[in-house]
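Taking it in order: structure first as C-alpha cells, then the write-up.
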Amino acid sequence: MAQTYRQYKFKFYLNMNHYIIINGVPGEVHPHTWEIIISVISDQNEMTPFASIERKMDQIMEQYQDKLLNECKPFDTVVPTVENAANYFFTFIQDSIIHEGWILMMLELSETPTRSYIINALLNEDSIWDEWYESLSKRNGERQDGENDDYDYE
C-alpha cells in the first residue's frame with residue numbers, strides 16, 4: 001500500500017517595516033502586516049503533531065516581529081522585496097522542519113491583502129524530496145520497534 005501523506009495549511013502574521021532600495025536610493029520606511037501561509041505534509045498516520053510546526057514558526061517569527069526588516073539578517077544585505085523575503089523564508093522554514101518529518105510544499109507571502117508571492121515545491125524542488133526521504137529514513141531508523149513518538153498534541 002502506498003504511503004499516505006496528510007497536508008496541513010497554516011497562517012501566520014508578521015508586523016514588520018521595510019524599505020526598498022531602487023537604483024541605490026532607499027525608499028521610505030513603511031509598515032506591513034505580512035501574511036505567511038504554508039502548506040506542509042507529514043508522514044504521521046494518526047494524530048499529527050502540528051504543534052511542533054507552530055512552535056517552530058513562532059521561533060522564526062519572533063526574530064522579525066515588529067522589526068525593520070532591512071536591519072535583520074539576511075535583509076541587511078539583500079533588498080527585502082516580497083520575492084526575496086519569500087525565497088528566504090521558504091528555505092529557512094523548510095530547513096527548520098524537515099528533520100522532524102515535515103516537508104514544506106508551498107509558501108505564500110503577502111505584504112498586502114491583494115498581492116502575494118507563492119513558492120510551490122512540487123514544481124521544481126526535487127532535492128527537497130530527497131532530503132526529506134533521507135531524513136525520514138534516518139528518523140525512523142532511530143526508533144525502536146513499537147516505540148511511540150513523544151509528541152505534544154495541543
Side-chain angles (χ1 to χ4, degrees), residues 1-18 31-67 69-70 72-154:
M1 182 176 183
Q3 179 75 26
T4 300
Y5 298 101
R6 286 142 180 90
Q7 185 170 341
Y8 287 90
K9 180 172 147 179
F10 298 92
K11 291 182 183 182
F12 303 92
Y13 296 92
L14 271 175
N15 293 309
M16 294 186 296
N17 297 319
H18 76 142
H32 290 288
T33 297
W34 299 60
E35 180 181 57
I36 298 175
I37 299 172
I38 61 172
S39 290
V40 296
I41 61 173
S42 172
D43 69 330
Q44 304 299 316
N45 291 324
E46 295 179 16
M47 182 180 262
T48 302
F50 55 83
S52 65
I53 292 286
E54 293 169 331
R55 280 192 297 272
K56 287 283 186 189
M57 289 300 293
D58 286 344
Q59 291 170 354
I60 292 168
M61 299 297 141
E62 183 179 300
Q63 299 173 57
Y64 299 97
Q65 191 67 259
D66 299 318
K67 303 274 172 69
L69 189 55
N70 301 73
C72 300
K73 291 192 180 294
F75 302 106
D76 54 344
T77 59
V78 174
V79 178
T81 62
V82 69
E83 298 86 0
N84 288 342
N87 289 326
Y88 170 74
F89 283 120
F90 185 92
T91 301
F92 188 30
I93 292 166
Q94 181 57 50
D95 290 348
S96 298
I97 66 174
I98 197 165
H99 300 293
E100 295 184 27
W102 294 91
I103 190 164
L104 181 59
M105 300 301 299
M106 186 274 304
L107 177 135
E108 178 177 338
L109 181 62
S110 304
E111 61 180 3
T112 72
T114 60
R115 185 179 1 175
S116 298
Y117 185 75
I118 300 169
I119 299 174
N120 190 327
L122 288 178
L123 299 178
N124 63 3
E125 296 293 338
D126 291 338
S127 64
I128 288 176
W129 287 103
D130 293 340
E131 184 179 350
W132 187 58
Y133 288 126
E134 180 181 316
S135 177
L136 285 179
S137 298
K138 187 176 186 180
R139 188 174 62 119
N140 290 335
E142 292 172 357
R143 295 182 190 157
Q144 301 293 324
D145 287 336
E147 185 177 307
N148 291 328
D149 289 324
D150 294 322
Y151 291 117
D152 181 11
Y153 298 108
E154 292 181 3

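Quick note: numbers below take in every heavy atom, side chains included, and nothing from hydrogens, waters or symmetry partners.
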Would you say Phe75 and Tyr88 make side-chain contact, with heavy atoms under 4.5 Å? yes
If we ignore hydrogens and angles and just use 3.5 Å, is the side chain of Glu35 paired with the main-chain N or O of Ser110 as donor and acceptor? no
Please determine whether a side-chain nitrogen of the Lys or Arg among Asp58 and Arg55 lies less than 4.0 Å from a carboxylate oxygen of the Asp or Glu. no
Aromatic ring centroids of Phe89 and Phe12 under 6.0 Å? no
If you count every heavy atom of other residues, nucleotides or ligands that lies below 6.0 Å from Gln63 atom CD, does the total exceed 12? yes
I want to check something: taking the side chain as every heavy atom from C-beta on, are Ile53 and Tyr8 in contact at a cut-off of under 4.5 Å? no
Nearest non-hydrogen partners of Phe10 and Val40, listed with the distance: CE1-CG2, 3.7 Å
Taking all atoms of both residues into account, what is the closest heavy-atom pair of Leu109 and Ala85, and its distance? CD2-CB, 3.6 Å
Tightest non-hydrogen contact, residues Lys56 and Ser96, listed as CE-O, 3.4 Å
Please check if the side chain of Asn84 supplies one atom and the backbone of Pro80 the other of a donor-acceptor pair under 3.5 Å. no
Whether Gln65 side chain and Asn15 backbone form a donor-acceptor pair below 3.5 Å: yes
Donor-acceptor pair, side chain of His32 and main chain of Glu111, under 3.5 angstrom: yes
Measuring from atom CE of Met106 to atom CG of Asn120, what distance do you get when rounded to the nearest 0.5 angstrom? 7.5 Å
